[in-house]
Every structure is written in structure tokens, then in C-alpha cells.
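Structure first, commentary second.
Below, chain A is the first sequence line, B the second, and so on; all start at residue 1.
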Number of protein chains: 2
Amino acid sequence: MTAPETIETIRAFNRFYTNKIGVLARDYLATPYTLTEGRILYEMGARERVSATELNRDLGLDPAYLSRILKKFREAGFIESEPDPSDKRSQILNITDKGREIYETLGERSRQQIADDLRNVDETGQARLIDAMQAIRATLDPSTATPPAPVIMRPYRIGDMGWLIEAQATAYAREYGLNEKFEALVAEIAGKFIANFNPERERCWIAERDGRRVGSVLVADGGGDTAKLRLLYLDPSVRGLGLGRALVEQCIKFSTLAGYRKLSLWTNDILTAAIHIYEKTGFKLVSEERHAMFGPECNGQTWELDLAEAKLSAA
Amino acid sequence: MTAPETIETIRAFNRFYTNKIGVLARDYLATPYTLTEGRILYEMGARERVSATELNRDLGLDPAYLSRILKKFREAGFIESEPDPSDKRSQILNITDKGREIYETLGERSRQQIADDLRNVDETGQARLIDAMQAIRATLDPSTATPPAPVIMRPYRIGDMGWLIEAQATAYAREYGLNEKFEALVAEIAGKFIANFNPERERCWIAERDGRRVGSVLVADGGGDTAKLRLLYLDPSVRGLGLGRALVEQCIKFSTLAGYRKLSLWTNDILTAAIHIYEKTGFKLVSEERHAMFGPECNGQTWELDLAEAKLSAA
DNA sequence: TTAATTTATTTGACGCAGTCCAATAAATAT
DNA sequence: ATATTTATTGGACTGCGTCAAATAAATTAA
């Protein structure tokens, strides 16, 4: 079921963009071509060796119409066609140098026009815009959207802690019903970590995809020869990709190199996915206590990893 | 100057939505009307008493073309027109009951179609979608976007602190070059506040517009008869609307009712806008000390307000 | 293998959406 | 009072895009 306001917002947006494309189509980029013709030329310039059928499927045109346009292009010398050797009904289209010239011109004007449109949009506005456009495409048609970018790991930047706190608090509230005391705890841990940060002995990683933060973990000095793994979090969108394990292994590696002998962490039994990762990476449960600090009753657990042992088994 | 990738992303989105509107236009909603005719009927149903000129300006159509369509609608009995008494060249258009019926049908089908499109989009996806659509409209054409919704103030909800920390840390890093120690401080304050929250004596307000958080302030128990105002923050988009003052006044009112005799706060001289608000609402600077806790040197300032006095002057 | 069906493309025929120009009439400026 | 601008309309026409039918190759069924 979809909320009526959602639908009305979408209708309004459709009207808005219909207008936008309408003015775009009118005397298309000051060339003698139609918007449709432009699209076809674009597709042929962007890919190589398209077949007419493919083109048709992707653009959803009438085959007769497409055929006519292709004929026109062929006569104008923009494209060449040769029958597909594997299926002689079909033909492979190729753009000629002359056609590519037009393609470039069209592209240039299109870019120019967009740059004009953006003249009054500041940098954050532009960022918001492309973000929003990506979001719409990804939501409405996951297949055409840009393929999932690789996840990268980078060090802390300002704002990351706030993100982490919000993401973790809302996710665990939604998923496990944890209350605001959990957000408070995360905030305090994150705050203390940054306030007392020791770059030699501590580290924070933020996993990012497409400029969007999707995961985190940090290693804090636990005193003595013990490091503490804290605030491991994965956005729902990247769960099940092995990213959690990669983050934890990152922590193990760093802790070992930093000279710690033990890596310890505190978690709760309800977070089964995380616990699974800890088990897999060699952590052992050392103690457990029942509590209801965050609303629902659960077992707080302390897990530890002997880094010397881990090093051996990894070798 | 606009980044090339930005432009390419926008071009890709335009192609994407051109397709979308293309399939929308094809046999428009299974009615004998064109998409353009549908738009015109929509505009006449949505507003009352439009003039043809207005319609024309808003939809960007050829006047002759519009005239023809209106004639058709008039003959079909969908609309009536009377000359505008104030300008007899112009005519005022009004939709008839019969026309409204068609209008409703079209709306119904349009809604139905969108609901179908959304069948495979989950709730967060839908939220992301409408957010993105609003963002695009607001960015590309601030005037047509929904008028700025009223700002509402509501109590704390889970995730608010994380938001506040990120927003404040990134904004002040950008604007004043404050470093990560500032984010750490904000996180610790926010964390402690929630951890020790006393609903009788403490309060947190989040200012929200259109479901988007745009401001915050909180009152914490400072011990004895002193309340502390903390973490006043306004998103750049709502600065200069008097919202900051409203938030501070909210705090003063609450502190007074809660029985405090003094409201105190700590801030920094570089935050001139905030300081201006404190002055206006009656706070007095009581002490000042130079520090570089957050990178750049500045003056930390303690301001205080005598609540008894404030009450008198307000009365 | 042949016959029947499906698929890729093309052509003929054509409607009608949308454009351009000029005309009319009222309003506004000079 | 005259000239210019603005709102609307009709005539005339272009060509976008559609529908149906034809052709030829590929695929499936018999």
C-alpha cells in the first residue's frame, strides 16, 4: 500500500519533469533533429555495433519509426549497416566519422545547456541534485542504475561519528527495539574516542560506497596490551557482502602491528550477525551478563581474541 | 564551473526520465487524450478559473495549439469560458461537472499507474524517492517547489543526537575550520545528556521542516538552580528566520517553569549569529577565556540569564 | 525433411499533434 | 488619436509517429 501523499508527490514530479523534457524537445538543442533522433544517435555513439532490435528494445520505439530514422541516417552518411553474420535478418549498425561528429556536437550542446541550467545552483545544490537523481534511478529501476560501486575504507573524517551514531541508533531501534540509552552510549564512546585519539595506537575506519557511508569500526586503546574493537556497524544495504568480516580483519591486523596482544570487544547476544563474524575470526566468548540497559533484556557479552594465536593461525 | 561527471549524471538522468515520460505518453492512461490534453485538463481541475494565457505561460505551449484544444474541450462540454471582465481580450476558463468527471478519472488512473510502479519499492525506497524528487524540484526550480513548510518543534527521538553531532560538526568545520575535537565534545555532551536524562528538569527540542531536521537546542540540569542551554544549532537553510530566537525562548520558558533561577551557556566568540541571539534574549557575558581546543584560537564565553529578571521584563 | 510459426526489418498509407503566419480585437503606450 | 503590444483564433501545412501488411530469415513442430 502506498500513501496518497507519496503518489501525489510523484505525480507532481512527473508533471514537473514532463515540462522540463518538453522544453528540451522543442527545437532540440538548436539542431534539425528530433529528441528521439538525438537519443538514437546518442545510443549509437555511446555503444559500438548496436543492432536495430537492441536499440528498439532499449528505447521502446515503434520498429517502423526506428527503421525510417535509420534509413535517414544511412542516407545522410551518419551510420553504416552490415547484416549480422549470425542472423542475416538482423543488421549491425555502426556510426561513421561523420555521424560521430554530429554525436559530439549534440553532446557538447547538451552539456552546455545543462551547465547553463546549473549556473544558479551552488555546489551543495549540485551535489544534492546528482544524489537525488541517482536515488531515483536506483529506486525506480535498479538494473539501469550505475552498478554498485566498490566499497572503500577510509580513515575518520569530521561528521563520521555523528553519522555512525545516528545510523546505529536508528537501525538497532528499528531492528531490535533498543531505546535511546543505546544512542547515548554510542555517542559517549564515539566522543571519548575522538577526544582522546592516539594515532599510534588507535584507528577508525569508515566504509564508503559511492560517497555514502555504509559501515564503520574502530580500535581503541584498552589499556595495557589490550585493544578494544568498538562500534562495528554495517548499513543494511551492504550486509552479507563479507564487509563486516573485512572490517574486523582490518582491526586484527592493525592491533597486531600496533603491538597489542589481545583484542577485546563487548557486544550483545541479539546482534547475531556481528557475533557470527567474531566467531569466524577467532574471538572467544569470555563472559556474559544479563542486562536491560537498552530496553529489551539481553545478554551483554565480552569476546576476546589472542592476537599471537591469531597471527599463527593466519600464517 | 560544473564538474563533467555532474553533467554526465544529469544527462543520464534526463535520458532515463525521457524514456519514462515516453512510455507515460504512449496511449496516455488508456484514454483518448494526449498527455498534453491531460495536462491541460489537470491544470483546469486543480485550480479554478484559469485564464488561457496563464495556462499557456505555465505549460509553455503554442497559443494556437492551446486554443484548439480548448475549443475541443468546450465543444465536448468539459469546460466553459466567459470573458474576463477586467480584460475582455482574455477569457476565464472553468471546468464543468462533466469535465471534472474526466479529470477525476484521469487522476484515478494516474494514481493507479504510479501505485503499480511502486509495487516493488519498499517503504524506505519510497521515502527516498519522494525525498529525491522534492530535492530535484527545489534545486532546479525553487519557485515551483512546494512552499517552505512551517518549522515545527518536537521532542527528541532516537537518532536525533547523531544527526545533531554530524550536522554541527560538519557545518562548523566548513564555516569556521573547527577540527574533530569539536565533534568529540558535541558527541560527549549529547551522549551524557541522553544517558542521564531527567524528564522533569531537562528537555531537548528538534526543529523539523518537511520531516527534515533543521535545528536543535537542549536544556540540561546544571546543578543547583542553574540550567544549561546547550547545542543550539540551526541548519544553514533556516538561518535568519528567527528560529534560533524561538528555540532560545523556548528554553527560557521551560527553565523558568521548571524552577531554575539561572540559565547559563558556554559558546565561542566566532559564533556571532548565536551570540547575537543570546544578547537579544537578555543573556549577559560573565566570563571569557582564550583557547584553541578546536583548532583555531578563539574565546570561549560563558553567558548567563537571570530567569527572575527575564520573567519580569517579558511581562 | 517440410510446413507452420515467430522474429527482424521495411514500406505504404495516413491521422493528427504541434507549428508558423496572419488576422482580429482589446488594452496599453506615445 | 495613433502606434504598439497582448490575447486569442483560424488557415495551412509539416512531419512525427502509428497501424497494417509485406518480406525474408530463423526457429519450432510435425
For [X] and [N], give me the distance from atom [atom1] to atom [atom2], rounded to whole Å.
X: A:Ile69; N: C:dT11; atom1: CD1; atom2: C1'; value: 15 Å
X: A:Arg39; N: D:dC16; atom1: CZ; atom2: C1'; value: 17 Å
X: A:Gln91; N: C:dT10; atom1: CD; atom2: P; value: 4 Å
X: A:Arg68; N: C:dG12; atom1: CZ; atom2: P; value: 9 Å
X: B:Glu37; N: C:dA17; atom1: CD; atom2: P; value: 6 Å
X: A:Lys72; N: D:dT14; atom1: NZ; atom2: C1'; value: 12 Å
X: B:Leu61; N: D:dT9; atom1: CG; atom2: C1'; value: 16 Å
X: B:Asp62; N: C:dC20; atom1: CG; atom2: P; value: 7 Å

Between A:Arg49 and A:Asp84, is there a salt bridge with N-O shorter than 4.0 Å?
->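 No, A:Asp84 and A:Arg49 are not salt-bridged.
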Could you tell me whether A:Arg212 and A:Glu208 have a side-chain N and a carboxylate O separated by less than 4.0 Å?
->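 Not counted as a salt bridge, because no side-chain N and carboxylate O are separated by less than 4.0 Å.
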Does A:Glu37 offer a backbone N or O that forms a donor-acceptor pair with the side chain of A:Thr34 under 3.5 Å?
->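 No.
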5'-most contact on DNA chain C: A:Arg74 or A:Arg89, nearest heavy atom basis?
->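 Going by which nucleotide is closer to the 5' end, it is A:Arg89.
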Short side-chain N/O contact from A:Ser90 to OP1 or OP2 of C:dA8, under 4.0 Å =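 For C:dA8, neither OP1 nor OP2 has a side-chain N or O of A:Ser90 closer than 4.0 Å.
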Distance-only polar pair, side chains of B:Asp116 and B:Gln112, donor-acceptor under 3.5 Å =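 Side-chain D/A pair, B:Asp116 to B:Gln112: present.
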With a 3.5 Å cut-off and no angle check, do the side chains of A:Thr18 and B:Arg39 form a donor-acceptor pair?
->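 No, B:Arg39 and A:Thr18 have no side-chain donor paired with an acceptor closer than 3.5 Å.
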Would you please name every residue forming a salt bridge (charged side-chain N to carboxylate O under 4.0 Å, His left out) with B:Asp58, sequence neighbours left out?
->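 With neighbours one apart ignored, the set is B:Arg47.
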Measure centre to centre between the rings of A:Tyr42 and A:Tyr33, then say whether the value is under 6.0 Å.
->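 No - the distance between ring centres of A:Tyr42 and A:Tyr33 does not fall below the 6.0 Å cut-off.
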Contacting residues from residues 46-58 of chain B, given that a heavy atom lies under 4.0 angstrom of DNA chain D |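 Close to the strand are B:Ala52, B:Thr53.
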Starting at the 5' end of DNA chain D, which residue's closest nucleotide do you reach first, B:Ala64 or A:Ala64?
->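 The residue whose closest nucleotide sits nearer the 5' end is B:Ala64.
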Would you indicate which nucleotide in D:dA26, D:dC19, C:dA17 comes nearest to any side-chain atom of A:Asp87?
->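 Out of D:dA26, D:dC19, C:dA17, the nucleotide with an atom closest to A:Asp87's side chain is D:dA26.
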